[in-house]
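Quick caveat: nothing in here was measured; it's all calculated off a predicted structure.
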Amino acid sequence: MRTLVKNGTIVTAESEYKADILIVDEKITSIGTNLEGPFDRILDAEGKYVLPGGVDNHAHFEALNTDGITTNEPYATTWVALQGGTTTIVDFCTNEPGMNLVDSVNYRLNVRAKGKVAPDIAIHACCNDFTDETVGEIKKLVEMGVPTMKLFLAYKGTSLYMDDSKLLACLEEAGKQGMTMMVHAENPDVLDKCRNDAAATGHYEPKYHYMTRPPYGEAEAVSRAIRFADAMHCPMCIVHVSCIEAGEEIRKARAEGKAVIGETCPHYLVLDKHKMDHPDWHIAARWICSPALRDKEDQDYLWKALNEDWLSICGSDNSGIPQAQKNWGWDEEHQRCDFRMVPNGCPGAGDRMNALWTYGVAAGRMTRQKFVDVCCTTPAKLNGIYPRKGTIQVGADADLVLFDPDYKGTITLETNPTGVEYNVFEGLEQIGRADTVLLRGSVVVENGRYLGEVTEVVADGITYQGCTSGNGKFIPGKPYGLGYDLLKRS
């Protein structure tokens, strides 16, 4: 199949120019003008920007909740990422019950995701059951195309929590194997004290979620993780940075030449903590995520941090918790909501690029090149899948977004589906959208709508909006990604 994309303006992280693109089967084979036919299909991109398919560095699908059994939205809902312009998700693979990390990755790819995931998929290992064999698995994970791993510094008292000794052991081995370590950085003792103090004084409403996750607890964990990673000569990615205090720790570390990469998320850039003040706790609980949403001042700082490269990636942190699971926040015994019982997470895979364009590019806060950098190119480099993904060049996968900058609309669940019953960006203005999306040369979105069949899918007894089949492929990552370039300079 020979496909010509013509008359568009190509935007990469480095440049912007008018040219046509020839795709043969799944790959970009030529970029230029007056490209020779014949062509089996011609896509006219007049008036549109041609962007690389988005790479979402932070996705949770079928992620095990802290009970180790139930999960958030299934892989069948990943089609919403394609509709939003994201063609590759980097999904977190936690330990399956009773399985080590290597077996869990194989199970996720060959059972959970097989035939269900709509975009392409890369994997972060995510340790939630540290054992004597965990450190030894790092080399095996890298060899199987998983060059990144996440550890949780929060959630003390659960299997997710990693104390300092476990963190140091993983960092030391990861640095030897070319793996980049990632952390969820919040100080667990700060969280426990604040949350328990609130409960002891009778405060249980959802708003106490943000009131009991103070920025200083996030900043302390960020600082500690950076120092430990530097001592072990291992690059560090701090995920979902939410506040000024945490961002400043990364800014100072970057200025000192430390190999740290910061990520933030669209909900921290666009939404504020007062969403959790809603009088109906069922609705307020939808915005409970960790770290918590912050203030307008934090939003302004995070935009500046992206532009200054103190933060380098915008990932969705998609965790589509259905309303039925959010309703676990109801304490039946005491007949009240208890914010501590609400599962953490918000859907966002389909709105990541929409939010960044609307409130970044269209608002004059971000250039188009920077948009491509934080949404596509840098996450691909971090995960060792660049230049196959994250850019437009000869030899790359033909993952393209024909982006219409003139589209104007309002975000609703109907126009911007999430797979679950709500959209946390509901009611906000949207400027621009992914009009046409190609995944490895195949058109999967047209006129802003996903072309696959979407129907009701039942998982764990809960109904989601899912696709009937998925053609996504596993994209193995190479070790010694972007973080190691920074390490060499330090």
field: Passing candidate, salt bridge (charged side-chain N to carboxylate O under 4.0 Å, His left out) with E256, options K258, R254, K252
entry: K258
- prompt: Got a second to check how far D373's CG is from R368's CZ, nearest 0.5 Å?
  reply: 15.0 Å
message: Which residue is it: R108, K116, R112? I am looking for the one with a side chain to side chain donor-acceptor pair (under 3.5 Å) to E62.
response: R112
message: For the aromatic rings, using the six-membered ring if either is Trp, is the centroid distance between Y268 and W303 under 6.0 Å?
response: no
- line: For N416 and D351 the tightest heavy-atom approach is ND2-OD1, 2.7 Å
- request: Measure the spacing between CE of M236 and CE of M181 and express it to the nearest 0.5 Å.
  value: 7.0 Å
query: Going by an N to O cut-off under 4.0 Å, is there a salt bridge joining D404 and K48?
result: no
query: So does K166 have more than 12 non-hydrogen atoms from other groups sitting under 6.0 Å from NZ?
result: yes
query: Rounded to the nearest 0.5 Å, how far does CG of N344 lie from NZ of K326?
result: 6.5 Å
- line: Exactly one of V374, V372, T378 clears side-chain contact (heavy atoms from CB on, under 4.5 Å) with C376, and that residue is V372
- prompt: Can T131 and N100 be said to form a side-chain contact (heavy atoms from CB on, under 4.5 Å), step by step?
  reply: CA-CA 8 Å; T131 69; N100 63 24; 5.9 Å; no
- request: Mark yes or no for whether N187, through its side chain, and D189, through its backbone, hold a donor-acceptor pair below 3.5 Å.
  value: yes
query: Going by an N to O cut-off under 4.0 Å, is there a salt bridge joining D164 and R224?
result: yes
task: Output yes when E248 and R251 qualify as a salt bridge under the 4.0 Å nitrogen-oxygen rule, no when they do not.
output: yes
Rounded distance (nearest 0.5 Å) linking atom CE of M179 with atom SG of C170: 8.5 Å
Full working for side-chain contact (heavy atoms from CB on, under 4.5 Å) between L141 and V102: CA-CA 6 Å; L141 289 165; V102 169; 4.2 Å; yes
statement: A225 and L153 have their tightest heavy-atom pair at CB-CD1, 4.1 Å
- request: Go through C93 and C126 one step at a time and tell me if the side-chain contact (heavy atoms from CB on, under 4.5 Å) criterion holds.
  value: CA-CA 5 Å; C93 177; C126 186; 5.7 Å; no
message: Using side-chain contact (heavy atoms from CB on, under 4.5 Å), reason through M144 and N106 one step at a time and then give a plain yes or no.
response: CA-CA 9 Å; M144 64 194 296; N106 283 322; 3.4 Å; yes
query: For atom NZ of K18, is the number of surrounding heavy atoms from other residues, nucleotides or ligands below 6.0 Å larger than 12?
result: yes
- prompt: With the threshold set at 4.0 Å, does a side-chain nitrogen-carboxylate oxygen contact exist between R294 and E245?
  reply: no
- prompt: Quick check: does any side chain N or O of S223 sit under 3.5 Å from a backbone N or O of A219, one acting as donor and the other as acceptor?
  reply: no
- prompt: Between Y155 and H184, does the ring centre distance come in under 6.0 Å?
  reply: yes
message: Between the side chains of K389 and D399, is the shortest nitrogen-to-carboxylate-oxygen separation below 4.0 Å, so that they form an ion pair?
response: yes
- prompt: Just wondering, more than 12 heavy atoms not from D192 lying within 6.0 Å of its CG?
  reply: yes
Short side-chain to backbone donor-acceptor contact, N307 and R365, under 3.5 Å: yes
message: So for atom CZ, which belongs to R227, do other residues, nucleotides or ligands contribute more than 12 heavy atoms lying within a distance under 6.0 Å?
response: no
task: Considering non-hydrogen atoms only, spot the tightest contact between A185 and I238 and give its length.
output: CB-CG2, 4.4 Å
field: 4.5 Å side-chain heavy-atom contact, H58 and E263
entry: yes
message: For K370, I'd like to know if atom NZ has over 12 heavy atoms of other residues, nucleotides or ligands within 6.0 Å.
response: yes
query: Would you call C234 and K176 a side-chain contact if the rule is heavy atoms closer than 4.5 Å?
result: no
From L22 atom CG to R2 atom CZ, the distance as rounded to the nearest 0.5 Å: 5.0 Å
field: Side-chain donor-acceptor pair present, S319, N72, cut-off under 3.5 Å
entry: yes
task: Measure the acute angle between the ring planes of Y301 and W310, then classify it against the limits of 30° and 60° as parallel, tilted or perpendicular.
output: tilted
query: Is there a donor in the side chain of D56 and an acceptor in the side chain of S316, or the other way round, less than 3.5 Å apart?
result: yes
Whether T78 side chain and A118 backbone form a donor-acceptor pair below 3.5 Å: yes
Residue pair E218, R213: steps toward the salt bridge (Lys or Arg N to Asp or Glu O under 4.0 Å) verdict: CA-CA 8 Å; E218 184 179 346; R213 298 186 98 93; over 6 Å; no
field: D397 and R388: CA distance, side-chain angles, deciding distance, salt bridge (Lys or Arg N to Asp or Glu O under 4.0 Å) verdict
entry: CA-CA 5 Å; D397 281 1; R388 180 175 179 180; 2.9 Å; yes
message: Within the 4.5 Å heavy-atom criterion, are I28 and L400 side-chain neighbours or not?
response: yes
message: Does Y75 form a side chain to side chain donor-acceptor pair (under 3.5 Å) with D91? I'd like the steps, not just the answer.
response: CA-CA 10 Å; Y75 281 111; D91 195 51; 2.3 Å; yes
query: Below 4.5 Å, heavy atoms only, C-beta onward: do W357 and Y49 meet side chain to side chain?
result: yes
message: Taking the side chain as everything from C-beta on, heavy atoms only, tell me whether W79 gets closer than 4.5 Å to V454.
response: yes
task: Looking only at non-hydrogen atoms, find the nearest pair between I313 and N57 and report the distance.
output: CG2-CB, 3.7 Å
field: N/O donor-acceptor pair under 3.5 Å between N128 side chain and L160 backbone
entry: no
- prompt: Do you know which two heavy atoms are closest between V5 and A45, and how far apart they sit?
  reply: CG1-CB, 4.2 Å
message: I'd like to check V50 versus V401 (side-chain heavy atoms, cut-off strictly below 4.5 Å). Are they in contact?
response: no
field: F61 side chain near T77 side chain, heavy-atom distance below 4.5 Å
entry: yes
field: Beyond-backbone contact of T367 with F371, side-chain heavy atoms, under 4.5 angstrom
entry: no
query: CG of L51 to CD1 of I10: how many Å apart, nearest 0.5 Å?
result: 10.5 Å
query: What heavy-atom pair brings M1 and T3 nearest, and what distance separates the two atoms?
result: CG-OG1, 3.7 Å
field: K139, NZ: over 12 other non-hydrogen atoms inside 6.0 angstrom
entry: no
